[in-house]
Amino acid sequence: MASIKDVAAEAGVSVATVSRVLNDHPSVSADARTRVLAAVETLGYRPNAVARSLRTDQTHTLGLVISDVMNPYFTELARSVEEEARALGYSVIIGNADERPDLQDHHVRTLLDRRIDGLLVSPTDGGSPLMLEAARAGTPMVFVDRWIPGVDVPVVRADGQAAVRDLVAHLHGLGHRRLAIIAGPAATTTGRERVEAFREALAAYGLELPDAYIGQGDFQAESGRLVTEGFLDLAEPPEVVFAADNLMALGALDAVRARGLRVPDDLALAAFDDIRWFVHTDPPVTAIAQPTGELGRAAVRALVDRIEGRPGQSVTLPARLVVRRSCGENPTPVQRSTT
């Protein structure tokens with residue numbers, strides 16, 4: 001493997017000149033720059049990224065801590081983050097919190113120890129003192145999808161309130177009156193926000209959301225199954241279950257089928273967080289789609305702005321309702337989500 005000394009010898013310049021060219025220093029002549037770059041190409045020289053980071057105090061690496069890598073929403077989010085980061089000259093190290101605050105903080109601590117340039121986090125809860133400490137220490141950071149109130153960093157998220165209103169209007173138009181929700185963890189902003197949006201949308205039609213129709217989930221499929229079983233055991237089960245994320249919706253679907261029942265004949269089903277699989281279920285699932293790819297790209301741009309000394313801006317994008325056939329809709333051509 002060629003060294004920087006080999007490049008200097010090939011180009012007929014000093015090691016210091018090679019170093020200046022590789023660090024894009026303006027004091028190098030055009031002729032010397034051309035010879036150095038030609039030597040780098042000829043010898044296949046690759047600069048030592050670790051050594052360079054020690055000199056420049058930058059690693060051109062971003063950290064991404066997502067809530068659950070098994071959730072298709074976060075998988076798609078991570079992909080868009082990695083693609084945008086690569087386009088801007090950064091690499092990404094990903095940590096999976098598995099919806100556990102302790103594991104989230106472990107990954108955050110590890111990434112900071114590795115001297116990443118900036119951090120993207122989708123928090124598993126709102127009570128991490130480590131996140132507040134990192135923000136106060138000046139670590140470039142952006143929250144994506146979820147956020148922690150009181151931590152002053154940009155937030156890139158989707159606003160699902162209008163889409164939830166559209167969903168409730170759609171369900172009301174189909175004649176449904178008993179609507180239940182499988183909620184996400186109350187410790188997360190998205191968990192609380194979706195329940196409140198659902199409650200407010202119901203109130204607009206004079207409908208209540210009784211405690212019996214609020215099931216506490218954890219954004220995992222098993223919780224969706226257990227909550228739905230509880231709904232089905234009620235003396236007056238709901239007509240519709242709205243799952244506040246895609247995995248809990250799949251768990252709800254499993255619970256219905258395990259009873260020998262059918263969606264939507266025996267229980268209608270809708271979900272927050274559209275996924276590609278929903279067009280292949282029987283019936284295809286009506287869902288609220290977030291602009292996942294756009295969120296990931298916007299989050300990276302906001303973080304790079306902060307790293308490079310520009311003010312990173314919060315971004316809020318609209319979610320939208322995708323109507324399919326899981327709530328008793330008439331068969332129509334399937335609308336495919338773009339996320």
Side-chain angles (χ1 to χ4, degrees), residues 68 70-73 75 98-99 160 163-164 166-186 191 194-195 198-199 201-202 205 207-289 321-337:
D68 182 6
M70 296 299 290
N71 186 323
Y73 167 77
T75 305
D98 203 24
E99 297 291 357
V164 171
D166 290 344
L167 172 64
V168 171
H170 171 67
L171 296 173
H172 191 271
L174 293 171
H176 297 301
R177 298 296 182 267
R178 300 194 309 275
L179 282 63
I181 184 169
I182 308 173
R194 291 169 193 175
V195 172
F198 191 59
R199 192 193 307 276
L202 289 174
Y205 290 92
L207 302 176
E208 294 184 354
L209 182 61
D211 290 344
Y213 283 5
I214 304 174
Q216 189 59 61
D218 61 3
F219 289 141
Q220 302 289 321
E222 179 65 7
S223 70
R225 183 184 68 80
L226 292 173
V227 169
T228 303
E229 287 179 351
F231 287 153
L232 292 172
D233 288 336
L234 293 173
E236 189 175 44
E239 298 168 309
V240 183
V241 168
F242 172 44
D245 94 320
N246 52 62
L247 293 183
M248 294 192 298
L250 293 175
L253 193 59
D254 287 342
V256 173
R257 290 175 173 171
R259 297 278 182 108
L261 304 176
R262 286 188 57 81
V263 172
D265 300 341
D266 301 296
L267 182 70
L269 175 66
F272 204 105
D273 282 343
D274 192 23
I275 53 175
R276 299 177 191 276
W277 306 343
F278 281 165
V279 300
H280 302 297
T281 59
D282 182 21
V285 177
T286 291
I288 290 173
L321 176 64
V322 180
V323 175
R324 296 192 179 105
R325 298 203 314 272
S326 60
C327 296
E329 298 90 345
N330 292 325
T332 55
V334 172
Q335 298 181 45
R336 296 180 180 273
S337 169

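Counting begins at 1 with the first residue of the sequence.
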[X] side chain to [Y] backbone, donor-acceptor under 3.5 Å:
X: Arg225; Y: Gly251; value: no
X: His176; Y: Cys327; value: yes
X: Arg178; Y: Pro237; value: yes
X: Glu239; Y: Leu179; value: no

Between [atom1] of [X] and [atom2] of [Y], what distance do you get to the nearest 0.5 Å?
X: Leu321; Y: Asp166; atom1: CG; atom2: CG; result: 6.0 Å
X: Phe231; Y: Leu226; atom1: CZ; atom2: CG; result: 11.5 Å
X: Phe278; Y: Asp273; atom1: CZ; atom2: CG; result: 8.5 Å
X: Leu253; Y: Thr281; atom1: CG; atom2: OG1; result: 6.5 Å
X: Ile182; Y: Ser223; atom1: CD1; atom2: OG; result: 7.0 Å
X: Gln220; Y: Met70; atom1: CD; atom2: CE; result: 9.5 Å

Please tell me if the side chains of Leu232 and Leu261 come closer than 4.5 Å, counting only heavy atoms from C-beta onward.
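The answer is yes; the side chains approach within 4.5 Å.
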So does Arg259 pair up with Asp233, basic N to acidic O under 4.0 Å?
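So Arg259 pairs with Asp233 through a salt bridge.
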Excluding sequence neighbours, so at least two apart, what forms ring pair (Phe, Tyr, Trp, His ring centres under 6.0 Å) with Phe198?
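Counting only residues at least two positions away or on another chain, Phe198 forms a ring pair (Phe, Tyr, Trp, His ring centres under 6.0 Å) with Phe242.
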Test side chain to side chain contact (heavy atoms under 4.5 Å, CB included) applied to Thr228 and Leu269, step by step
CA-CA 10 Å; Thr228 303; Leu269 175 66; over 6 Å; no
Mind checking side-chain contact (heavy atoms from CB on, under 4.5 Å) for Leu207 and listing every partner two or more places apart, or none if nothing turns up?
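Per chain and number, Leu207 pairs via side-chain contact (heavy atoms from CB on, under 4.5 Å) with His172, Arg177, Leu202, Tyr205.
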Would you check, one step at a time, whether the test side chain to side chain contact (heavy atoms under 4.5 Å, CB included) holds for Thr286 with Leu167?
CA-CA 9 Å; Thr286 291; Leu167 172 64; 4.2 Å; yes
Where is the tightest heavy-atom contact between [X] and [Y], given as atom of each residue plus distance?
X: Gly184; Y: Gln216; result: O-NE2, 2.8 Å
X: Asp245; Y: Arg194; result: CB-NH1, 4.4 Å
X: Pro72; Y: Leu247; result: CD-CD2, 3.9 Å
X: Ala249; Y: Ala271; result: CB-CB, 3.6 Å
X: Glu236; Y: Tyr213; result: O-OH, 2.6 Å

Does Glu208 CD have over 12 foreign heavy atoms under 6.0 Å away?
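Result for CD/Glu208: open.
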Worked verdict on Arg199 versus Val195 for side chain to side chain contact (heavy atoms under 4.5 Å, CB included):
CA-CA 6 Å; Arg199 192 193 307 276; Val195 172; 3.9 Å; yes
Please report the C-alpha distance between Val256 and Val241 in whole Å, then the side-chain angles of each, then the deciding distance to 0.1 Å, and finally whether the side chain to side chain contact (heavy atoms under 4.5 Å, CB included) criterion is met.
CA-CA 11 Å; Val256 173; Val241 168; over 6 Å; no
